[in-house]
Amino acid sequence: MSSSSLTLPASGQAAGRNRRLLEILGGASIAATYVYLVLAQPTDITNGLSSGSTLLALSGFLLGAVLLIAGVLPTIPTSTLVLIPVALVLNIVLGQFIGSTLVPFYLDSIGTVLIAVLAGPAAGAATGALSGIVWSLFNPTVLPFAAGAALIGFLAGLAARYGLFRRFYLAPVAGFVTGIFAGVFSAPIASFVYGGTSGIATGAVVSAFRAMGDSLLSAITKQALLSDPMDKAIVFSVVALLVYALPRRTTLQFPFIRRHRVLAGAKTS
Amino acid sequence: MLPDSPAAPGGLNPLTLLSAAVVIAVTTTAINSWAVSAAVLLLLAALLSLNGLGRKVLPAAAVIMVPFWLSLLLTHGLFFHEGRTILWTAGPVRVTAEGLEFAAGMGLRTAVFVVVFLAFSFSVRPADLMALLSKYRLPPQLGFVLCSTLTIAPAVSGRARRIAQAQQSRGLVTGPGAGGRLRAVRQQAVPLVMALLHEAGSRADSLEARGFGGRGPRTSYREVPDSPAQRIFRWLAVAALAVFLALWFGPGWFTPGGVR
């Protein structure tokens with residue numbers, strides 16, 4: 001698998017700086033939108049949720065995801081880039097299937113986490129964001145969660161970078177921690193944009209917390225903290241099983257795996 | 001998505017469709033009233049049925065919206081303790097008028113969002129999208145990921161079916177219990193992922209050999225349909241949306257008291 005372009009490189013110093021700027025702006029847009037939503041949340045929902053917050057959440061997260069993609073995508077080598085469509089298909093097919101069952105999980109990030117483990121945090125974040133945007137062509141309701149999917153890909157890549165996939169029992173732990181971040185991140189989106197969750201099983205969990213007298217945001221956050229860490233622990237374990245089941249020859253083709261000794265027993269180069 | 005065919009001259013540009021979809025979705029979300037959303041939804045359904053798109057878009061939207069509506073009804077219809085007008089109560093369950101109104105508002109607003117964007121994706125061609133992306137100098141990688149995902153999805157499901165058949169002919173029997181099922185899943189998932197990674201590797205070599213990683217400007221052989229009238233429509237739509245949002249939210253909406 002070739003990892004570098006066969007064409008001669010152009011003098012790309014300024015282009016590199018611009019890309020870094022896009023990445024920083026994208027991250028800042030997502031972070032600022034999240035902070036605004038959490039700080040300025042309307043506490044009383046009897047008057048209807050603020051439609052301004054909804055539009056702000058939609059545009060801020062979408063802008064951030066698009067900037068991240070524009071910044072990261074051109075830096076990804078072609079050998080990794082061709083894996084992204086495969087990852088997206090895995091995400092969409094599994095996510096669609098699990099979403100239609102009565103299980104309060106999602107399992108819609110197996111492809112994203114797989115790319116993150118094979119190719120690193122930046123590729124993982126871009127795959128997550130792209131997954132949200134491409135999937136929204138079939139199901140527009142996933143569009144606002146693109147930024148959250150980017151966060152999952154980024155954290156999975158970091159976990160692989162720091163050796164959490166070297167021991168099999170550490171992978172679900174890393175998934176659990178990633179799930180806590182993902183749940184806390186996606187709960188304001190679900191509550192401000194949709195006023196609830198999109199699945200019946202997750203909706204039942206939310207209504208159970210509402211019945212105990214929680215506010216909408218805290219009920220959705222608690223549901224997310226129940227579903228997301230378990231979901232990501234399962235996803236990380238599945239991905240760990242998968243990468244260890246692949247032949248060493250296949251996994252060692254990825255420079256990220258060689259450089260950071262992501263998998264147990266893999267030699268550094 | 002439409003099947004790939006030569007672009008029809010005089011057809012609609014994807015950007016025109018996208019700007020119309022954004023204007024409809026953003027205004028109904030900003031107005032945030034179930035009556036307005038219901039009216040827009042009915043209008044859209046009528047328009048799509050006349051257009052012939054209704055038969056594809058409306059069932060696809062229903063598949064997404066029915067579980068979402070049920071979830072909203074479960075959450076807000078039965079337990080909405082902020083509600084004051086109680087219609088029916090039994091134990092912890094309290095059906096309130098405010099809860100039902102909230103569920104209807106959110107459900108219909110989201111339905112408009114889903115229907116307009118599904119209508120958009122059912123009426124554009126992937127090749128047109130790719131030509132547009134290269135016209136506006138967006139990273140060519142984006143167009144590749146978008147179109148490649150849309151085209152390999154059926155190939156992947158076909159391959160998964162063939163692997164399952166091959167394993168069954170080798171004597172794969174799904175064993176009893178969770179363990180047996182897991183083993184069966186593993187015996188199908190590992191060859192599938194391996195084959196996909198291998199294919200992706202040879203695709204990377206072919207792309208590189210054709211200068212995909214090059215940084216120069218690209219040209220597209222495909223002409224995306226466009227017209228001066230469509231260009232004017234797009235600018236007017238975006239300007240009207242900006243003016244509407246400025247007037248609707250007014251200057252003071254950022255302060256908590258001014259939040260609508």
Side-chain angles (χ1 to χ4, degrees), chain A residues 1-2 5-7 9-10 12 15 40 42 44-46 48 50-55 69-70 73-74 76-79 81-86 88-89 92-93 114 130 134 136-141 194-200 202-204 206-207 210-211 213 241-242 245-247 250 253, chain B residues 1 26 29-32 64 67-68 70-72 74-76 78-79 81-83 92 98 102 105-106 110 113-114 117-118 121 138-139 141-142 144-146 148-149 152-153 156-157 186 189-190 193-194 196-198 200-201 203-205 207-209 211-215 249 253 256 259-260:
Chain A
M1 217 186 277
S2 72
S5 169
L6 297 179
T7 50
D44 179 21
I45 64 168
T46 42
S50 144
S51 58
S53 297
T54 308
L55 289 174
I69 291 172
L73 212 51
I76 293 179
T78 310
S79 56
L81 185 80
V82 290
L83 294 178
I84 295 181
V86 173
L88 300 196
V89 171
I92 295 170
V93 170
L114 181 68
L130 276 167
V134 176
S136 72
L137 289 172
F138 308 100
N139 180 356
T141 56
Y194 298 120
T197 57
S198 56
I200 298 174
T202 47
V206 173
S207 51
R210 289 281 285 159
L241 276 177
L242 218 55
L246 291 174
T250 309
Q253 278 168 344
Chain B
M1 291 253 157
V26 171
T29 306
I31 293 172
N32 198 18
I64 298 166
F68 181 67
L70 287 177
S71 168
L72 279 182
L74 199 66
T75 315
H76 304 298
L78 303 185
F79 310 99
H81 44 78
E82 290 87 351
E98 287 86 354
F102 183 82
M106 281 290 172
T110 309
F113 179 81
V114 167
F117 284 107
L118 276 182
S121 56
L138 284 152
Q141 288 90 344
L142 186 61
F144 169 76
V145 170
L146 195 70
S148 184
T149 308
I152 67 167
V156 170
S157 59
R186 185 181 173 279
V190 172
V193 172
M194 244 176 73
L196 292 175
L197 290 183
H198 180 77
R203 212 173 299 136
D205 291 339
L207 281 169
E208 278 305 340
F212 181 76
R215 305 220 181 279
F249 289 112
W253 76 276
V259 168
R260 241 176 251 260

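Convention: sequence-line order gives letters A, B, ...; per-chain numbering from 1.
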Participant: Looking at B:I64 and A:F138, what are the two nearest heavy atoms and their distance?
Facilitator: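 That would be CD1-O, 3.6 Å.
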Participant: If I measure from the heavy atoms of chain A, does B:T29 come under 4.5 Å with its side chain, its backbone, both, or neither?
Facilitator: both
Participant: What's the separation between atom CE in B:M194 and atom OG1 in A:T250, rounded to the nearest 0.5 Å?
Facilitator: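 The distance works out to 5.5 Å.
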Participant: Taking all heavy atoms of A:G195 and all of B:F102, pick out the closest pair and write down the distance.
Facilitator: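 Answer, listing the atom of A:G195 first, then B:F102: O-CE2, 4.2 Å.
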Participant: Please find the pair of heavy atoms, one from B:A204 and one from A:S79, that lie closest to each other, and give the distance.
Facilitator: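 Of all heavy-atom pairs spanning B:A204 and A:S79, the closest is CB-CA, 3.8 Å.
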Participant: Relative to chain A, which segment of B:L78 carries a heavy atom at a distance below 4.5 Å: side chain, backbone, both, or neither?
Facilitator: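 For B:L78, no heavy atom lies under 4.5 Å from chain A.
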Participant: Between A:L114 and B:V193, does the side chain to side chain contact (heavy atoms under 4.5 Å, CB included) criterion hold? Intermediate values first, please.
Facilitator: CA-CA 10 Å; A:L114 181 68; B:V193 172; 4.2 Å; yes
Participant: Show, in sequence, the C-alpha distance, side-chain angles and deciding distance for B:T149 and A:V89, and conclude whether the side chain to side chain contact (heavy atoms under 4.5 Å, CB included) test is met.
Facilitator: CA-CA 6 Å; B:T149 308; A:V89 171; 4.0 Å; yes
Participant: Which pair of non-hydrogen atoms, one from B:V190 and one from A:A245, has the smallest distance, and what is that distance?
Facilitator: CG2-CB, 3.5 Å
Participant: Using non-hydrogen atoms only, which part of B:L207 is less than 4.5 Å away from chain A: side chain, backbone, both, or neither?
Facilitator: side chain
Participant: Relative to chain A, which of B:L146, B:V26, B:L138 shows the most heavy atom pairs under 4.5 Å?
Facilitator: B:V26
Participant: Should A:L130 and B:L142 be marked as a side chain to side chain contact (heavy atoms under 4.5 Å, CB included) after you check the CA-CA gap, both sets of side-chain angles, and the distance that decides it?
Facilitator: CA-CA 9 Å; A:L130 276 167; B:L142 186 61; 3.5 Å; yes
Participant: Between B:L118 and chain A, with a heavy-atom cut-off of 4.5 Å, which part of the residue counts as in contact: side chain, backbone, both or neither?
Facilitator: both
Participant: Would you check, one step at a time, whether the test side chain to side chain contact (heavy atoms under 4.5 Å, CB included) holds for B:L72 with A:Y194?
Facilitator: CA-CA 9 Å; B:L72 279 182; A:Y194 298 120; 6.0 Å; no
Participant: Side chains of B:F117 and A:L137, heavy atoms from C-beta outward: is any pair under 4.5 Å?
Facilitator: no
Participant: Using a cut-off of under 4.5 Å on heavy-atom pairs, state which of A:I84, A:L246, A:I69 scores highest against chain B.
Facilitator: A:L246
Participant: Which atom pair, heavy atoms only, marks the closest approach of A:P140 to B:V114?
Facilitator: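 The answer is CG-O, 3.6 Å.
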Participant: Would you give the length of the straight line joining atom OG1 of A:T78 to atom CD of B:Q141, rounded to the nearest 0.5 angstrom?
Facilitator: 7.0 Å
Participant: Between A:L73 and chain B, with a heavy-atom cut-off of 4.5 Å, which part of the residue counts as in contact: side chain, backbone, both or neither?
Facilitator: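 Backbone plus side chain of A:L73, per the 4.5 Å heavy-atom cut-off to chain B.
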Participant: Using non-hydrogen atoms and a 4.5 Å limit, figure out which bit of A:L242 sits close to chain B: side chain, backbone, both or neither.
Facilitator: side chain
Participant: Does the side chain of B:F68 come within less than 4.5 Å of A:T141's, by heavy atoms?
Facilitator: no
Participant: Of all heavy-atom pairs between B:A200 and A:L83, which one has the smallest distance, and what is that distance?
Facilitator: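 Smallest interatomic distance, heavy atoms only, reads CB-CD2, 3.6 Å.
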